[in-house]
Asks: 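Handing you a structure now.
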Amino acid sequence: IMPGWFSELSPMWTGEAHSFEVKEVVFEGKSDFQDVVVFDSVSYGRVLVLDGVIQLTQRDECAYQEMIAHLPLCSIQNPAKVLVVGGGDGGVLREISRHESVQQIDICEIDKMVVDVAKEYFPELAMGFANPRVNLHIADGVAFVRDAAPGTYDAIIVDSSDPVGPAQQLFERPFFESMVKALRPGGVICTQAESPWLHMHIIKDIVAACRQTFKGSVNYAWTTVPSYPSGIIGFMLCSTEGPAVDFRNPVVSPDKLDMITISDEGGSAKRVPLPLKYYNSDMHRAAFSLPTFAKRELEHL
Ligand code: AAT
């Protein structure tokens, strides 16, 4: 591979590899779960890599974090208790904090090194932890959700890595069943659900498992993220039995989302301005439109 360049190689996208010219490697470590690398790139800013796979870049993280958070949270009224699985960089926490109704944010990330590295090298994401409403748990999300008190959450957001390595069970039916239990009636999930260009077989399995477990609605949506394989990534948006959720028609206006919550010096919550960069109501509605090949494959499962 080219010297001075990082190439993202994985059996999940054979025969192709997106490459980024490296300015400087700023961190290299090995946690109990994965290899952790941070580098500064020539054209995408700072990049976080786990086991050779890009998790985020400064340039386009907004597209992923804003969509994975606001697609579910703008689809329900007044979310109060939210759980994040994965997401140890803090970016999704930052986005959830825009919703003033949220009282409690639990996050369960398996790898403490991701949190520590984010706090050191990605302050504009890790600021999501600077919110008195956030409770951080370092543990496997599978066990955490299984052991959660029934009926607890309005929303669960699964910001997980790909289904090779520690995240594999986050894509399987027993985990979906635990989420259904942990949600209140009419509660919602949004999970990282890969790309239709590369992973239609995985998406079909996830959609089939969700149709069996979620008795409300089951939808696939997607967003552009140029630094992710194929340049797009999808999400599963599902609701449990109870008050119906129409994910395609958001009920929260993005005008209310241009502030985030952090701590003041005394440790109480304070609101500070931080405009959205990617999410708006048009992008929300558009996210559920699928290309014909994907529609066809998901129709008769
Ligand atoms: N917001 C950045 C995008 C990510 S991060 C995925 C996170 O999920 C990582 O921090 C990883 O340590 C964590 N994780 C993996 N498995 C588990 C688990 N079982 N329980 C809790 N956390 C877990 C996703 C990028 C998607 C890349 C697409 N190619």
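These figures come from a predicted structure and were not determined experimentally. Numbering of ligands and ligand atoms starts at 1, following listing order. Atom set for the values below is all heavy atoms of this structure, side chains included, hydrogens, waters and symmetry mates excluded.
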Asks: Checking side-chain contact (heavy atoms from CB on, under 4.5 Å) against F6, which of V47, I54, V37 comes through?
Replies: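 By the side-chain contact (heavy atoms from CB on, under 4.5 Å) criterion, F6 pairs with just one of V47, I54, V37: I54.
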Asks: Closest approach of V245 and S217, non-hydrogen atoms and distance?
Replies: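 Heavy atoms of V245 and S217 come nearest at O-OG, 3.4 Å.
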Asks: Starting from atom 25 (C) of ligand 1, which protein heavy atom do you reach first, and at what distance in Å?
Replies: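 Nearest neighbour among protein heavy atoms for atom 25 (C) of ligand 1, to 0.1 Å: Q55 OE1, 3.2 Å.
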Asks: Enter the distance from M200:CE to R296:CZ here, rounded to the nearest 0.5 Å.
Replies: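 Result: 11.0 Å between the selected atoms.
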Asks: Pairs of nitrogen or oxygen atoms closer than 3.5 Å, one from L50 and one from ligand 1: do any exist?
Replies: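 Among all N and O atoms of L50, none is under 3.5 Å from an N or O of ligand 1.
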Asks: Select one of side chain, backbone, both or neither to describe which atoms of F33 lie under 4.0 Å from any atom of ligand 1, heavy atoms only.
Replies: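 Contact part for F33 vs ligand 1: neither.
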Asks: Select one of side chain, backbone, both or neither to describe which atoms of L48 lie under 4.0 Å from any atom of ligand 1, heavy atoms only.
Replies: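 Within the 4.0 Å criterion, L48 makes no contact with ligand 1.
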Asks: If you measure from the Lys or Arg side-chain nitrogens to the Asp or Glu carboxylate oxygens, is any gap between E177 and R173 under 4.0 Å?
Replies: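 Result for this pair is yes, salt bridge flagged.
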Asks: Do me a favour and list the nearest non-hydrogen protein atom to atom 15 (C) of ligand 1 with residue, atom name and distance?
Replies: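 Heavy-atom neighbour on the protein nearest atom 15 (C) of ligand 1: S161 OG, 3.2 Å.
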Asks: Is there any side chain to side chain donor-acceptor pair (under 3.5 Å) pair reaching into residues 74-94, and which pairs are they, with sequence neighbours excluded?
Replies: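 As it turns out, the side chain to side chain donor-acceptor pair (under 3.5 Å) pairs with a partner in residues 74-94, which skip direct neighbours, are E61-R94.
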Asks: Tell me, which protein residue and heavy-atom name are nearest atom 10 (O) of ligand 1, and how many Å apart are they?
Replies: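 Looking at atom 10 (O) of ligand 1, the protein heavy atom closest to it is E109 OE1, 2.7 Å.
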Asks: Measure from the ring center of Y64 to the ring center of Y228 and say whether it is less than 6.0 Å.
Replies: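 Centroid distance Y64-Y228: below 6.0 Å, so yes.
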Asks: Just heavy atoms, cut-off under 4.0 Å: does Q169 contact ligand 1 by side chain, backbone, both, or neither?
Replies: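 Neither; no heavy atom under 4.0 Å.
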Asks: Of the protein's non-hydrogen atoms, which lies at the shortest distance from atom 3 (C) of ligand 1, and what is that distance?
Replies: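 The closest heavy atom on the protein side is D159 OD1, 3.2 Å.
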Asks: Considering heavy atoms of the protein only, find what lies nearest to atom 28 (C) of ligand 1 and give residue, atom and distance to 0.1 Å.
Replies: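 Among all protein heavy atoms, the one nearest atom 28 (C) of ligand 1 is D162 OD1, 3.3 Å.
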Asks: Taking atom types as modelled, find out whether D111 and S31 have a side-chain donor-acceptor pair closer than 3.5 angstrom.
Replies: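 Distance-only check passes for D111 and S31.
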Asks: Polar-atom distance check: D111 versus ligand 1, any N or O pair below 3.5 Å?
Replies: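 The answer is no, given that D111 and ligand 1 share no N or O pair closer than 3.5 Å.
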Asks: Count the heavy atoms of every other residue, nucleotide or ligand shown that sit under 6.0 Å from CD of E172, and state whether that count exceeds 12.
Replies: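 Counting neighbours around CD of E172, more than 12 heavy atoms of other residues, nucleotides or ligands fall under 6.0 Å, so yes.
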Asks: Tell me, please, whether F39 has K23 positioned over its six-membered ring: NZ or CZ under 6.0 Å from the ring centre and within 45 degrees of its axis?
Replies: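 That pair does not qualify as a cation-pi contact.
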Asks: Taking the non-hydrogen atoms of G91, is any one of them nearer than 4.0 angstrom to ligand 1?
Replies: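 It does not, in that no heavy atom of G91 comes within the 4.0 Å cut-off of ligand 1.
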Asks: Is V92 close enough to touch ligand 1? Criterion: a residue heavy atom under 4.0 Å from a ligand atom.
Replies: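 Under 4.0 Å: no for V92.
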Asks: For atom 23 (C) of ligand 1, which protein heavy atom lies nearest, and how many Å away is it?
Replies: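 Scanning the protein heavy atoms, the shortest distance from atom 23 (C) of ligand 1 goes to I110 CG2, 3.6 Å.
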Asks: Is S160 touching ligand 1 with its side chain, its backbone, both, or neither, if touching means heavy atoms under 4.0 Å apart?
Replies: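 Backbone only; the side chain of S160 stays clear of ligand 1.
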Asks: Answer yes or no for I54: is there a heavy-atom contact with ligand 1 below 4.0 Å?
Replies: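 It does, in that a heavy atom of I54 comes within the 4.0 Å cut-off of ligand 1.
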Asks: Determine the interplanar angle of the H284 and Y279 rings, folded into 0 to 90°, and report it as parallel if under 30°, tilted if 30 to 60°, perpendicular if over 60°.
Replies: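 Ring orientation of H284 relative to Y279: perpendicular.
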Asks: Atoms of ligand 1 less than 4.0 Å from A167 heavy atoms?
Replies: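 Those atoms are 15 (C), 16 (N).
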Asks: Students should be able to answer this: which protein heavy-atom is nearest to atom 20 (N) of ligand 1, and at what distance?
Replies: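 Closest protein heavy atom to atom 20 (N) of ligand 1: G141 N, 2.9 Å.
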Asks: What part of Q192 sits under 4.0 Å from ligand 1 if we count only heavy atoms: the side chain, the backbone, both or neither?
Replies: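 Looking at Q192 and ligand 1, just side chain atoms fall under 4.0 Å.
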Asks: Checking side-chain contact (heavy atoms from CB on, under 4.5 Å) against D140, which of V85, V145, I110 comes through?
Replies: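 So, applying the side-chain contact (heavy atoms from CB on, under 4.5 Å) to D140 and each of V85, V145, I110, only I110 qualifies.
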Asks: I need the contact type for L170 against ligand 1. Using non-hydrogen atoms and a strict under-4.0 Å cut-off, is it side chain, backbone, both or neither?
Replies: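 L170 to ligand 1: side-chain contact only, backbone stays beyond 4.0 Å.
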Asks: Test side-chain hydrogen bond (donor to acceptor under 3.5 Å, both in side chains) on S227 and D60; report intermediate values, then the result.
Replies: CA-CA 7 Å; S227 64; D60 61 7; 2.8 Å; yes
Asks: Look at the aromatic rings of Y44 and F20 and report parallel, tilted or perpendicular, splitting at 30° and 60°.
Replies: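 If you compare the ring of Y44 with that of F20, the planes turn out perpendicular.
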Asks: Note the single closest protein heavy atom to atom 2 (C) of ligand 1, along with its residue, its atom name and the distance in Å.
Replies: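 Nearest protein contact, heavy atoms only, for atom 2 (C) of ligand 1 is D89 OD2, 3.0 Å.
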Asks: So which bit of E194 gets within less than 4.0 Å of ligand 1, heavy atoms only: side chain, backbone, both or neither?
Replies: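 For E194, no heavy atom sits under 4.0 Å from ligand 1.
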Asks: Considering the heavy atoms of I233, write down every atom of ligand 1 situated less than 4.0 Å from one of them.
Replies: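 In order of number, 28 (C).
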Asks: Please determine whether any non-hydrogen atom of E61 lies less than 4.0 Å from an atom of ligand 1.
Replies: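 Outside the 4.0 Å threshold, so no.
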Asks: Take atom CD in E100; do more than 12 heavy atoms of anything else shown fall under 6.0 Å from it?
Replies: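 Count not over threshold, so no.
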Asks: I'd like to check which ligand 1 atoms, numbered from 1 as shown, lie under 4.0 Å from a non-hydrogen atom of C108.
Replies: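 Under 4.0 Å from C108, ligand 1 has these atoms: 21 (C), 22 (N).
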